[in-house]
Amino acid sequence: MPEKEYYKELIGALKKKRFSKSETSKLKVKLCKKHGIKNIPTDIQVLLHANKNDLKKLNIITKPTRTISGVSVVAIMSTPFKCPHGECAMCPSKTDDGVPQSYTGREPATMRGIRNNFDPYLQVFNRLEQYVVLGQNFDKIELIIMGGTFPSFPKKYQESFVKYAFKAMNDFSKLFFKKNVFDVLKFRKFFLLPGTVNDEKRIKEIHKKILKIKKDSTLVKEQSRNETSNIRCVGLTFETRPDYGTLKEGNELLRFGGTRVELGVQSVYDEALKRIDRGHSVKQSKESIRTLKDLGFKLNFHYMPGLPGIDRKKDLE
């Protein structure tokens, strides 16, 4: 296998002498061309392919790459609940097929949700695992809770979902960091790496391991733990509709630790909202925006151009 030979030759070279960062990069490129490897592996991927004895000899210091903002996004998907108002005309509405409302099932976050049985704890572990393998930074997380109108879901479910998302960050940190240093060997052993990503047997084995450490807790306790965790949630985003973005829902989202709301206004024209059976008015959108801003939330808006009866000129206005 070309990949196996690539790592064997690269690790062999890195064991013999100390390379600078630029020299290591050049060596990687050279060997990628030689072995027909399309994507240049990160330093962490090299470490994941080295055996225990080689790890001590490798002169690689892994420093995860940061996003431009320094914050990495973890998007997790809630269990498919039907929307309380019914269905908009354009909604895929596949909840009966096990897909969250308003999603098709082919989005990366949706597929990750399905793969992890929509368990927030499993989803966060899975996303953090991906960040480690990609060699990307994950110490500051913006958690985005997707899957429809979250504030309309059962109250116990909402609190449990957020609680276990926080707990996953805290437990991942406790499991793989020792005195603020990431334990690559322990991580590799836990996630059965290197291995085939979509191997069903591997996924089941990892799920079994993760669920074994998923103990009960409280939201307040996990929020408090997260303040000193190596993986901190610095932003928490929720999706909702204007009719579920009132003072009551806003205060509850603040209790969960929410900092941003993605509000599905869809149109600023009542005629369009009526034609698509949206179930709320422009007036409700305005009231929701005012209320959520007064509570201190950052706001994003979902808007759909080209709705029935709305031409390009109106959308631009």
Side-chain angles (χ1 to χ4, degrees), residues 74-124 126-127 143-165 219 236-258 260-267 269-285 287-289 291-292 297 299-304 306-308:
V74 171
I76 57 176
M77 195 68 66
S78 57
T79 297
F81 284 101
K82 289 186 181 293
C83 193
H85 101 286
E87 296 173 12
C88 300
M90 69 288 183
C91 182
S93 188
K94 294 184 176 182
T95 52
D96 291 336
D97 297 328
V99 177
Q101 187 102 18
S102 79
Y103 290 89
T104 65
R106 292 188 291 272
E107 304 85 1
T110 311
M111 291 190 288
R112 188 162 55 249
I114 293 169
R115 188 166 64 245
N116 291 287
N117 306 315
F118 298 105
D119 184 322
Y121 196 77
L122 291 175
Q123 289 183 74
V124 172
N126 189 191
R127 193 68 181 112
L143 187 67
I144 300 180
I145 296 179
M146 305 169 72
T149 310
F150 191 78
S152 73
F153 300 165
K155 296 298 179 189
K156 284 187 177 179
Y157 175 82
Q158 291 181 50
E159 180 157 336
S160 175
F161 195 88
V162 177
K163 171 184 73 179
Y164 280 114
L219 175 63
L236 177 54
T237 298
F238 295 93
E239 288 185 331
T240 191
R241 297 159 45 92
D243 48 340
Y244 279 87
T246 67
L247 183 63
K248 178 185 173 185
E249 288 87 19
N251 278 323
E252 192 71 354
L253 298 182
L254 283 178
R255 186 174 72 84
F256 293 151
R260 184 162 66 102
V261 173
E262 292 187 3
L263 197 64
V265 300
Q266 310 307 1
S267 181
Y269 298 103
D270 276 320
E271 56 187 295
L273 295 176
K274 287 176 184 175
R275 282 176 174 170
I276 63 170
D277 300 319
R278 181 61 181 163
H280 67 76
S281 65
V282 172
K283 182 183 177 184
Q284 284 175 297
S285 293
E287 289 171 350
S288 179
I289 291 166
T291 299
L292 294 172
F297 285 103
L299 293 182
N300 283 40
F301 303 111
H302 293 181
Y303 185 87
M304 299 189 75
L307 290 175

Suppose we screen for side chain to side chain contact (heavy atoms under 4.5 Å, CB included). Which residues come up paired with P108, at least two apart in sequence or across chains?
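Checked P108 against side chain to side chain contact (heavy atoms under 4.5 Å, CB included); zero matches.
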
Just jot down the side chain to side chain contact (heavy atoms under 4.5 Å, CB included) partners of K274, sequence neighbours excluded, or say none.
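Partners of K274 under the side chain to side chain contact (heavy atoms under 4.5 Å, CB included) test: none.
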
Does K156 offer a backbone N or O that forms a donor-acceptor pair with the side chain of E159 under 3.5 Å?
no

[atom2] on [Y] to [atom1] on [X], rounded to 0.5 Å:
X: F297; Y: E262; atom1: CZ; atom2: CD; result: 13.0 Å
X: E239; Y: S78; atom1: CD; atom2: OG; result: 8.0 Å
X: Y103; Y: M146; atom1: OH; atom2: CE; result: 3.5 Å
X: T291; Y: Q284; atom1: OG1; atom2: CD; result: 11.5 Å
X: D243; Y: E287; atom1: CG; atom2: CD; result: 11.0 Å
X: Y121; Y: N116; atom1: OH; atom2: CG; result: 13.0 Å

Basic-acidic side-chain contact under 4.0 Å: D96, K82:
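Salt bridge: yes.
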
Kindly indicate whether the side chain of [X], heavy atoms from C-beta on, has any atom under 4.5 Å from the side chain of [Y].
X: R241; Y: C83; value: yes
X: I144; Y: R260; value: yes
X: T237; Y: N300; value: no
X: L273; Y: H280; value: yes
X: Q101; Y: F81; value: no
X: L263; Y: S285; value: no
X: F161; Y: I76; value: yes
X: V99; Y: P92; value: no

Let me see the working for T110 and T104 under side-chain contact (heavy atoms from CB on, under 4.5 Å), right down to the final yes or no.
CA-CA 8 Å; T110 311; T104 65; over 6 Å; no

Would you name the heavy atoms of [X] and [Y] that are closest together and state the gap between them?
X: S288; Y: G245; result: OG-O, 3.0 Å
X: V282; Y: S267; result: CG2-O, 4.3 Å
X: R278; Y: G264; result: NH2-O, 2.9 Å
X: M77; Y: P100; result: CG-CG, 3.4 Å
X: E249; Y: P151; result: CG-CB, 3.6 Å
X: F238; Y: G258; result: CE1-CA, 3.7 Å

Please assess K155 against E252 for the test salt bridge (Lys or Arg N to Asp or Glu O under 4.0 Å), listing each intermediate value before the final yes or no.
CA-CA 10 Å; K155 296 298 179 189; E252 192 71 354; 5.1 Å; no

Look at the rings of F153 and Y157 and say which category their plane angle falls in: under 30° parallel, 30 to 60° tilted, over 60° perpendicular.
perpendicular

Can you classify the ring geometry of F256 versus F150 as parallel (below 30°), tilted (30 to 60°) or perpendicular (above 60°)?
perpendicular

Any donor-acceptor N or O pair under 3.5 Å, side chains R112, N126:
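Side chains of R112 and N126: no pair found under 3.5 Å.
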
Is there a side-chain contact (heavy atoms from CB on, under 4.5 Å) between I276 and M90? Walk through the geometry before answering.
CA-CA 7 Å; I276 63 170; M90 69 288 183; 3.8 Å; yes

For the pair K283 and D270, evaluate side-chain contact (heavy atoms from CB on, under 4.5 Å) and give the outcome as yes or no after the intermediate values.
CA-CA 9 Å; K283 182 183 177 184; D270 276 320; over 6 Å; no

